[in-house]
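Below: one structure, written as structure tokens.
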Protein chains: 2
Amino acid sequence: MPWPANISVQPGSIPITADFAISVSGAGAKDPRVTFAVDQIWPRLARQTGQFIRPHLLPTSEGATLTIVVEQRDHKPPQRLGDDERYSLEAADGRVRIAADYPLGALRGIETFLQAVQQNTNATGSTNAASPGFAISNLQIHDEPRFSWRGLSLDVSRHFIPAEEVKRTIDGLAAVKLNVLHWHLSDDQGFRVESKRYPRLQQYGSNGQYYTQAEIRDVIAYARDHGVRIVPEFDMPGHATSWMPAYPMLAARTGSFQIAPGFGILSDLMDPAKESTYRFLNNFVGEMAKLFPDEYFHIGGDEVAPRQWNENPRIQAFMKKHHITDAKALQVYFNQRLLKIVEKHGKRMEGWDEVLQPDLPKSVIIQSWRGQESLWQAAREGYKGILSAGYYLDLMRPASYHYEIDPLVLPPERKALLERQNKPIPAPLTPEEQKNILGGEAAMWEELADAENLDAKLWPRLAAIAERFWSPQSVTDLNSMYARLAPVNRWLEWLGLTQRSNLELMRQRLAGSMDYAVLDRFASILEPVKGYSRGAGRYQTNTPLNRLVDSIPPESNAARQFRDAVEAYLAQPAAQRNSDQLREHLTRWAEDAREVRPILQTNSLLTENLPAADAVAILCQTGTEALLSLDAATAGANPRDSAWKQRSTAAVQDASTRKGDLLIQIAPGIAKLVDAVTPAQ
Amino acid sequence: MPWPANISVQPGSIPITADFAISVSGAGAKDPRVTFAVDQIWPRLARQTGQFIRPHLLPTSEGATLTIVVEQRDHKPPQRLGDDERYSLEAADGRVRIAADYPLGALRGIETFLQAVQQNTNATGSTNAASPGFAISNLQIHDEPRFSWRGLSLDVSRHFIPAEEVKRTIDGLAAVKLNVLHWHLSDDQGFRVESKRYPRLQQYGSNGQYYTQAEIRDVIAYARDHGVRIVPEFDMPGHATSWMPAYPMLAARTGSFQIAPGFGILSDLMDPAKESTYRFLNNFVGEMAKLFPDEYFHIGGDEVAPRQWNENPRIQAFMKKHHITDAKALQVYFNQRLLKIVEKHGKRMEGWDEVLQPDLPKSVIIQSWRGQESLWQAAREGYKGILSAGYYLDLMRPASYHYEIDPLVLPPERKALLERQNKPIPAPLTPEEQKNILGGEAAMWEELADAENLDAKLWPRLAAIAERFWSPQSVTDLNSMYARLAPVNRWLEWLGLTQRSNLELMRQRLAGSMDYAVLDRFASILEPVKGYSRGAGRYQTNTPLNRLVDSIPPESNAARQFRDAVEAYLAQPAAQRNSDQLREHLTRWAEDAREVRPILQTNSLLTENLPAADAVAILCQTGTEALLSLDAATAGANPRDSAWKQRSTAAVQDASTRKGDLLIQIAPGIAKLVDAVTPAQ
């Protein structure tokens, strides 16, 4: 994962043993990225296989298990948009061979190789049963990405993410062949970069939580070694409160400022009507343009609440004088000035949807949080853009949801809505226009997450999104995706990612001295509420994120598998239905809900979850009754009347609503079961 | 844990919230160890509580939640044996206060404080139900260690343990108030330290796996900040094969040498009959004495197989000339020479039991792997010593086993054996002689462990041993120990220790694409075989340690709890016996054994464990039958005849034997149940 553009698997496999050796050749072999990636193969294979695999680099391909050929040295740093990432991987006749024209391709191929090393199984004829251990199947892969911009936008302002965790995230990005980390470095809640020119920015704007320039450089070098570009974002003129405690003169209002303790679209804006604002930004952007080598520079530009501009007489006078008709036009003016500054310092500008206004030069890249229509509109006008709408990981949607979003396809629900509203359906982009869609970026906003559970918010869902960006458009099968997502998720853990282990620690912390295994089982069918319904407005940046909702994954595998099993059950002819397995699940979950009650009752941080336990008990009871009534063997003996159906439908409906910040995700499956019961009489 | 020397708990508690603050005062407040420990309190509390606790240091105690008073600056580095570690901890009236005469005491007190911060529960009257979160109970502690030398001997030769893991181990040592890391740096399988004077030592003796001197210094500084001494050991004249590939002239035989790939008491020895040996050692010890600041220097001295000395005519001639009667005496000669070298470079010498020979100066410290009798003998002769026998963590014994070993008490089985053999029972040491017992050291030998599962071999058992070394001799209750060990084990995980998480990863790796939850449950009642019975002789240093036996803890909590529950059940009057819970366990384990079978069958690394699954099935079946026959409600309906008893006894006996390298630890409990059944007729 991501699934390669072309792959064919042959019978047989190649064992990967302790004497595993590598040879690297070609003009690109000395590229530092290749050297770094090759150096990582041994320890990563050692961890993946538990064998004492130690560096064994051969000058020629003689005797090597893995041959890596990199034809050309290519591109100097920094890595650029569109750099060639193609590679081929062949495993046959006891040898593995990765070939790439350029270093980046070698990096991508190495990840594919490592992911393909799996345990030998005894059962299938195609693997070597006599050699217990690990192997790679004989196969041929020719691979290249569908999109050239495949990123993650990471908010480190609302809750700070230390450099160590950012590097760990880069490990994950590279593993699933993402190539951009869009670093959202400033927002209302914190300014996270050391400025030497304006050190008060971090002193007054970060509560001490910021990256030094040395750390930034270290992260950039780390990313480069992993074939990942770092695109910095400094959000302006809104989402900029954290600049103002140090530099109130940047603000559109007077008075004193503090870093925002809460979340939302705040009212403070930069002042676009003062020359001093642009002088400041010119110096600041100049400094940051040197610090961040990437050719792109993201200026944010989203969610400007215009009140302060509209209510400031000086700004109004400025607008009048310059024939600027409204706040929107004033932001256009601000962006035009900013664009000149950004370009003066040798960068291309990138911004969110809102920066797309008449007269915007075509060189600016549009990042769309609004959706395909907005993005396509820009593409038709000749702008290049990337899609982020539909890929917001903070909204706690399942992997399948994100996986089905395609930058080049209008989501079916959206299409249906437009049809219902008799609105025109946008035509698909022409092949020429499609070239303006560079790719997409997942986004992780940190209002309700922090470094402790970041990994669990990102992984494994981000791997599914990575496949959307890399693999051919035709790779869309959800069952295949989920079947591959689980092992990829485990594979990512060998990189040190903590999506599972940190949540376990958090649940242990919650359980305190009590039995956390019970809490784990109880939590396994729960999910956080979706979208914005948890209500970041109820939180401040220092509100502890140490509740049950913070310590469970966005998606419950157990609940999803139960829902699938219910559908399979109901799809069977009535005479063949056997619900033993489904009922066993329900029995266990009911038991968990019963056993977890004393823990929830005693534990001050868990008491709020008692209604969830009660609802689970009701759901399991109702589901069991429905199944006995639907089962071939017991249907006759367990008739349900319409009063039961009415009562049960209401009970399931109630249990399906949020319990605190939690959803019980077996509820939809149980609703289907109740619905399928035909009442007697 | 370790349980304090004096503690009293009062009703009420003090909430630990995000505005937690600290003040530090006293002449010792500026000690770098105190500064370091205080700096760690905030992030550790943040992790332990999930609250955004950020540094908040107050110049005075005004408003502080925690006041730390350190009276004196004391001891300069290096920390010395016997440095004062006393402290008091008081929590009352909304304030916490740690007081210590010296910095080390403050470090110990801070660990106690952190361990005492626990989740507020709702149920007990003594905690604040209205404030969900974390708190410390009102209490008073006056604490000091029983022994001054409380260590871990860590073998990094047989499998290398990288510096990062050594530092993580030091985190754990400090947390449970151990104060010595005895670093076993050279052995037959690897020489692990960079020598600048003799760089070929590490070049030819380590396969590239060694610590640079910079790393060594870094680890020493880290240990010092944690109040832990680092005592280096270079094992001589045996266990020294890894010196010889580089310097064959050190050896008692001629020919070529390689690092030992296997384990055991090997035949290669240093040559004590050559002056050049002592010149070399003088230079080497001189270099290492500078690198390692501790006052003690461990020269090993154990397990000398004398054949090479006995068979070498030159050495025999040397012995004759110097009136050295046998190999033992030759080792005495070698040790005397080595002692002079060690002392010349300003160090005190330490060695294993074997170095204790007539004429050994009283300044040498004896580390006893042989047991109390050997140690006491030395103490009676005026030598100072520490006990390691009984604390070997590589032998996979339960925490209770180690916990019951006391340096000042002859183990009951040993006493019984001596009685049976009509041998004299050694008298207890007099109070004066007891002073010669400095403490003890757990030992972790790495033949069958490596960095991946090191933590699981150490923790939590090492915490129980730490309690033995620190707490009063009277603290011996096993139930209390186990009840406290579980939460301490979880608490240690917040330091980054991986005893649980890494084993989980290893079992996931084993499961491959299959359901690892089933494998986890199956493994939960298994333990590795005990003592030396796994047979390190069957292994080489590069044999993968990636099997099921490598990925389970030394002690199964589930199995221990089952055995306890069986005893409680059998202790009840027959008319009141109810085995519902016991049978539920057996039913689940039987189910796990059934469900895990297809995984074991398919998986090349797990197939060897099929007999264990079969044995679990038999045990659960037999246990259930026995219980139904013993239960008050069903006894009459489930009579067992003597044929059943005979058959079942044999079956349980067979299931109790090792299955591969595994033991099924519910077997003893089930044997008791079968034994309790009175056959009908």
Side-chain angles (χ1 to χ4, degrees), chain A residues 17-18 46-52 54-55 118-124 127-134 159 207-209 450 452 483 486-487 490 493-494 498 500-501 504-506 508-514 516 541-547 550-551 598 601-608, chain B residues 17-18 46-52 54-55 118-124 127-134 159 207-209 450 452 483 486-487 490 493-494 498 500-501 504-506 508-514 516 541-547 550-551 598 601-608:
Chain A
T17 56
R47 285 197 297 275
Q48 277 183 234
T49 67
Q51 296 172 139
F52 296 102
R54 298 252 310 291
Q118 299 190 346
Q119 204 190 122
N120 250 344
T121 51
N122 287 322
T124 70
T127 56
N128 188 349
S131 95
F134 294 80
H159 284 103
N207 268 334
Q209 295 187 297
D450 66 355
E452 194 166 64
R490 294 202 286 272
E493 288 193 61
W494 292 106
T498 64
R500 190 183 48 87
S501 55
E504 280 183 3
L505 279 171
M506 291 173 75
Q508 279 193 17
R509 182 173 66 200
L510 271 171
S513 56
M514 297 165 224
Y516 70 94
T541 50
N542 65 352
T543 310
L545 296 173
N546 61 0
R547 301 302 175 99
D550 301 301
S551 70
Q601 273 168 331
T602 324
N603 187 305
S604 64
L605 291 169
L606 285 168
T607 302
E608 62 190 17
Chain B
T17 57
R47 285 198 297 275
Q48 278 183 234
T49 68
Q51 298 171 136
F52 296 103
R54 298 252 309 292
Q118 297 190 348
Q119 204 193 121
N120 250 344
T121 51
N122 289 321
T124 70
T127 56
N128 188 349
S131 95
F134 294 79
H159 284 102
N207 268 334
Q209 296 187 298
D450 66 354
E452 194 166 64
R490 293 202 288 271
E493 288 193 61
W494 292 105
T498 64
R500 188 183 50 87
S501 55
E504 280 182 2
L505 279 172
M506 292 173 75
Q508 279 193 18
R509 183 172 65 201
L510 272 171
S513 56
M514 296 166 224
Y516 71 94
T541 50
N542 66 351
T543 311
L545 297 173
N546 61 1
R547 301 301 176 100
D550 301 300
S551 69
Q601 273 167 331
T602 324
N603 186 305
S604 64
L605 292 168
L606 285 168
T607 302
E608 62 189 19

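Note on naming: letters A, B, ... go to the chains in the order of the sequence lines (proteins, then strands), and numbering restarts at 1 for each one.
Qualifying side chain to side chain donor-acceptor pair (under 3.5 Å) partners for B:Gln209, counting only residues two or more places apart in sequence or in other chains: none. With sequence neighbours excluded, the residues satisfying side-chain contact (heavy atoms from CB on, under 4.5 Å) with B:Gln51 are A:Pro544, A:Asn546, B:Thr49, B:Ile53.
A:Glu493 contributes atom CD, which lies 5.0 Å from atom CG of B:Leu505 (distance to the nearest 0.5 angstrom). A distance of 8.5 Å separates CD in A:Gln119 from OG in B:Ser513, rounded to the nearest 0.5 Å.
With A:Phe52 as the fixed residue, the side chain to side chain contact (heavy atoms under 4.5 Å, CB included) test singles out one of B:Asn207, B:Asp450, B:Thr541: B:Asp450.
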Discussion item. One pair to check against side-chain contact (heavy atoms from CB on, under 4.5 Å): A:Phe134 and B:Arg509. What are the steps and the verdict?
Written reply: CA-CA 10 Å; A:Phe134 294 80; B:Arg509 183 172 65 201; 3.8 Å; yes

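In terms of non-hydrogen atom pairs under 4.5 Å with chain A, the most contact-rich of B:Gln48, B:Gln118, B:Arg500 is B:Arg500. With chain B as the partner, the residue from A:Met506, A:Glu452, A:Glu608, A:Glu504 showing the most heavy-atom pairs under 4.5 Å is A:Glu504. Of the listed residues A:Pro55, A:Gly50, A:Pro598, A:Ser501, the one with more heavy-atom pairs under 4.5 angstrom with chain B than any other is A:Gly50. Taking chain A as the reference chain and counting heavy-atom pairs below 4.5 Å, the highest number among B:Thr543, B:Thr498, B:Asp550 is found for B:Thr543.
Neither the backbone nor the side chain of A:Thr17 comes within contact range of chain B, judged by heavy atoms closer than 4.5 Å. Neither the backbone nor the side chain of A:Ala483 comes within contact range of chain B, judged by heavy atoms closer than 4.5 Å. With a 4.5 Å cut-off on non-hydrogen atoms, B:Ala46 touches chain A through its backbone but not through its side chain.
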